[in-house]
Amino acid sequence: MAFYLSFKEIWHSKGRYLLIAMIVALITTLVLFIAALSEGLGSGNREYLEKLNGELVVFQENVDLSIGASRIGRSKLNAIRRVEGVADAGQVANSSVSVVVAGRDPIDVSLFGVEPGRPGEPPAFEGRNLGRARANEVVIDERLVRLTGLAVGDTLTVRSIQGTNEEFYDLAIVGTTDGRAYFIQPGIFVPYLTFEKVKPQGENEQGGNGEYVSNIVAVKLVDPAQIDVMAEQLETLVGGIEAVDRKTAYEAAPGYSAQMSTLSTQRYFTFLIGVLVVGGFFQIQTLQKVAQVGMLKAIGASNRTVALSAIAQIVTLNALGVALGTAGSLALSLTFPPAVPITFTGDAVASAVIALMVIGPLGGLVSVFLLLRVEPLVALGLAQ
Amino acid sequence: MPEALRADAVTKVYGQGANAVTAVNQVSFSVMPGEFVALVGPSGSGKTTLLAMLAGLLSPTDGEILIGGEPLGEFSEAQRTRFRGRAIGFSFQSNNLVPYLTALENVELMLRLNGRLDRAGRVRSRELLERLGLAERMRAYPGQLSGGQQQRVAIARALIHQPSVVLADEPTASLDTERAYQVVETFAHLIHEQERAGVMVTHDLRMVKYVDRVIQMMDGHLSQIISDRAEIDALAAIQSGPLETSAGATQAQGGDNGNGDGT
Ligand SMILES: Nc1ncnc2c1ncn2[C@@H]1O[C@H](COP(=O)(O)OP(=O)(O)OP(=O)(O)O)[C@@H](O)[C@H]1O
Ligand SMILES: [Mg+2]
């Protein structure tokens with residue numbers, strides 16, 4: 001009965017109801033794109049650290065967990081390796097360089113110097129891992145493959161500012177790995193001694209005298225469950241360092257938390273707008289049909305029928321809008337160039353869609369309440 | 001034969017204390033199946049209030065309404081709603097029909113509400129609309145129907161579920177004289193034929209020529225019941241009938257009749 005009434009009513013005013021469904025669709029699109037952007041930016045910022053093959057990340061003490069500011073020398077690395085419970089540790093150095101590809105603008109990438117075979121080096125999914133510590137080899141992020149079309153066997157040209165000059169280095173691509181971006185730049189990985197040569201540096205830094213210094217150390221534990229205990233152990237036994245888990249490490253990246261909270265605030269506000277718009281629409285609808293609802297109640301329609309009919313309408317239109325908006329967003333996302341940091345993940349889309357399914361019913365609550373309060377007496381032009 | 005509808009010393013007081021208005025005062029009467037009654041009286045005399053109580057839409061302050069022997073006061077709110085859908089047929093002055101349902105669907109709605117829309121019900125709905133001269137307009141929405149056609153659809157809806165009591169509030173208010181006669185005549189005919197107990201509130205005394213009894217209200221009291229055929233016809237013939245004599249009623253009565261004449 002309730003469904004009969006609600007669908008007859010929708011059918012009779014198709015245009016008006018389609019309009020509200022379209023508004024829900026647009027709100028859905030907005031929410032999904034904000035979610036995708038937040039996922040895209042977020043993973044672009046944290047991917048490398050998130051997927052690191054070590055439980056702990058060691059920074060220099062008192063640098064606010066900033067990779068750029070942190071310096072860890074070879075002697076500290078050796079001290080870390082000697083601590084009981086550490087399975088292995090690898091030095092990781094990071095810098096930003098450009099990749100020069102013929103026929104297009106240079107692409108900024110995150111250059112990582114890693115120790116072949118040690119924590120910090122990503123696995124190559126195609127081709128092979130890095131070999132010797134001095135080889136002019138590189139393993140690249142699949143994002144770079146998508147951006148440039150480079151493949152295993154090709155040569156990658158890196159442009160680096162050293163002193164006042166632009167220097168160019170040719171590296172052989174020996175492998176590709178999955179997404180390993182950092183700082184919203186695709187990651188490329190070279191052996192640490194090659195990194196020393198390739199990295200951007202000032203006039204006087206050059207030369208490799210003294211001990212090799214990196215930015216952070218990736219630590220793999222014998223027992224991954226002992227993260228907290230081991231972090232403390234390392235800090236006391238080695239000294240001058242700060243050991244944290246991966247999540248703490250990437251959340252400390254400059255701007256990361258601020259960015260994420262801005263985006264989620266935007267998402268909440270979009271939800272709120274959705275609730276208010278849908279709520280407002282149905283409230284106006286309801287106020288317009290007080291007399292009609294009074295008549296229905298007078299001739300024997302129960303409160304349950306009247307309320308259920310309104311809820312069915314709200315849920316149907318909301319679902320229609322969300323479905324249209326989701327389909328539209330996904331179709332639209334296919335037209336975006338790979339450089340745009342937008343990532344639609346199944347989880348993020350699913351949770352956004354579930355949340356969006358609630359905006360209609362939430363907004364419509366007031367109108368359902370109004371409908372319940374309509375007195376059948378209004379059918380006779382009387383009201384108490 | 002048991003009476004279909006009975007009002008037993010029914011009183012309705014609106015408000016409290018100094019603001020109290022006794023809209024209906026100690027009214028008693030009953031209506032038999034197959035009997036059509038008109039409820040007349042000047043504006044503010046309590047007709048609509050009484051009708052609302054007969055329908056179970058308003059609880060009497062005092063007294064009792066019985067439909068088919070069942071006292072409405074003993075039902076819960078939800079039971080009363082269900083009972084209304086089953087035992088009472090309605091025609092209202094305005095906002096009579098559901099705007100997004102066709103004429104036929106509006107009639108079938110009563111059967112749906114009672115969970116009894118079957119093949120036979122559909123056939124009966126059609127036949128009833130045909131009898132009311134709406135064979136061609138069954139698929140039309142209320143917005144596409146004239147005032148008289150809408151009232152006829154409402155009459156079909158009031159009768160289709162075979163209620164024991166049929167209540168009509170000013171069924172002719174928005175119609176011109178010709179159409180008003182037509183609608184009330186058909187209504188009376190169906191009430192007699194199907195043996196329903198009909199109560200019609202009207203301002204238009206000319207319409208009483210189709211009813212069996214006229215109940216006259218005055219300041220909340222039942223002032224007069226006219227059952228004699230000749231007297232009823234006389235009342236219908238003289239538009240400025242006995243009501244004219246009561247002070248305060250003149251204006252409302254004259255106004256409404258003037259309206260009917262003018263169109
Ligand atoms: N909700 C209310 N609160 C207070 N007084 C009311 C209320 N409804 C009606 N009244 C009063 O009760 C009396 C009877 O009103 P009612 O509407 O029943 O008269 P009526 O005979 O139907 O009049 P009309 O011919 O103008 O429709 C009037 O004096 C009216 O002012
Ligand atoms: Mg009235």
Side-chain angles (χ1 to χ4, degrees), chain A residues 1-20 281-282 284-310 312-314 316-317 367 370-384, chain B residues 12 14-15 23 46-59 77-102 105-106 108-115 117 141-143 154 157-158 160-161 163 167-170 173 201:
Chain A
M1 183 67 224
F3 298 104
Y4 170 80
L5 287 178
S6 72
F7 290 113
K8 281 287 181 185
E9 187 171 17
I10 291 178
W11 191 245
H12 193 246
S13 325
K14 294 182 276 296
R16 199 191 303 179
Y17 284 105
L18 196 63
L19 192 71
I20 191 68
F281 173 84
F282 279 102
I284 293 167
Q285 281 285 97
T286 303
L287 291 177
Q288 278 181 346
K289 54 180 198 187
V290 166
Q292 188 199 119
V293 170
M295 182 273 288
L296 276 172
K297 288 187 179 182
I299 66 171
S302 62
N303 260 335
R304 194 175 143 275
T305 299
V306 170
L308 211 59
S309 154
Q313 275 184 3
I314 294 167
T316 307
L317 293 172
S367 60
L370 288 176
L371 284 173
L372 288 176
R373 288 203 339 189
V374 171
E375 284 193 52
L377 264 184
V378 301
L380 290 170
L382 286 175
Q384 277 184 303
Chain B
K12 181 70 195 181
Y14 287 114
K47 305 183 294 293
T48 304
T49 303
L50 181 57
L51 194 75
M53 289 191 288
L54 296 180
L57 294 172
L58 196 61
S59 306
E77 195 59 45
Q79 282 174 325
R80 229 192 325 264
T81 304
R82 220 170 313 133
F83 183 79
R84 270 203 307 274
R86 205 171 60 235
I88 305 178
F90 284 101
S91 150
F92 303 108
Q93 183 173 346
S94 57
N95 287 305
N96 228 331
L97 304 174
V98 182
Y100 49 84
L101 297 180
T102 63
E105 287 165 347
N106 262 288
E108 290 173 349
L109 180 64
M110 277 324 292
L111 299 175
R112 268 182 206 280
L113 279 172
N114 289 311
L117 180 62
Y141 288 95
R157 187 196 57 197
I160 191 64
H161 55 306
L167 304 175
D169 187 23
E170 309 266 6
V201 168

Worksheet item: Which region of B:Pro99, side chain (C-beta onward) or backbone (N, CA, C, O), has a non-hydrogen atom less than 4.5 Å from a non-hydrogen atom of chain A, or is it both or neither?
Response: both
Fill in: Proximal component of B:Asn114, with respect to chain A [non-hydrogen, under 4.5 Å]
neither
Worksheet entry | Gap between atom CG of A:Leu382 and atom CG of B:Leu57 - 0.5 Å precision | 9.0 Å
Practice prompt. For B:Tyr100, check ring pair (Phe, Tyr, Trp, His ring centres under 6.0 Å) against everything at least two apart and list the hits.
Written response: none
Worksheet item: Hey, which residues of residues 4-13 of chain A are touching chain B, say heavy atoms under 4.5 Å apart?
Response: A:Tyr4, A:Leu5, A:Lys8, A:Glu9, A:His12
Worksheet item: Tell me, do B:Leu109 and A:Met1 make a side-chain contact under 4.5 Å, heavy atoms counted?
Response: yes
Discussion item. I need the minimum non-hydrogen distance between A:Ala298 and B:Phe92, along with the two atoms involved.
Written reply: CB-CZ, 3.7 Å
Practice prompt. Taking the side chain as every heavy atom from C-beta outward, state whether A:Val378 and B:Asn95 have any pair of such atoms under 4.5 Å apart.
Written response: no
Item to complete: Tell me, for B:Leu97 versus chain A, whether the close heavy atoms (under 4.5 Å) come from the side chain, the backbone, both or neither.
Response: backbone
Worksheet item: Taking side chain as C-beta onward, heavy atoms only, is B:Glu77 less than 4.5 Å from A:Asn303?
Response: no
List the atom pairs, with distances to 0.1 Å, where a side-chain N or O of residues 46-56 of chain B and a protein N or O form a donor-acceptor pair under 3.5 Å, not counting sequence neighbours.
unit_1  : atom_1 : unit_2  : atom_2 : d
B:Lys47 : NZ     : B:Gly41 : O      : 2.9
B:Lys47 : NZ     : B:Pro42 : O      : 3.1
B:Thr49 : OG1    : B:Tyr14 : OH     : 3.0

Worksheet item: OG1/A:Thr305 to CZ/B:Arg112 distance, rounded to the nearest 0.5 angstrom?
Response: 12.5 Å
Fill in: Residue-level interface, residues 79-89 of chain B with chain A, non-hydrogen cut-off under 4.5 Å
B:Thr81, B:Arg84, B:Gly85
Discussion item. Restricting to non-hydrogen atoms, name the atom on B:Met110 and the atom on A:Ile299 that form the minimum distance, rounded to 0.1 Å.
Written reply: CE-O, 3.3 Å
Item to complete: Tell me, out of A:Ser302, A:Gly381, A:Ala301, who's got the most heavy-atom pairs with chain B below 4.5 Å.
Response: A:Ala301
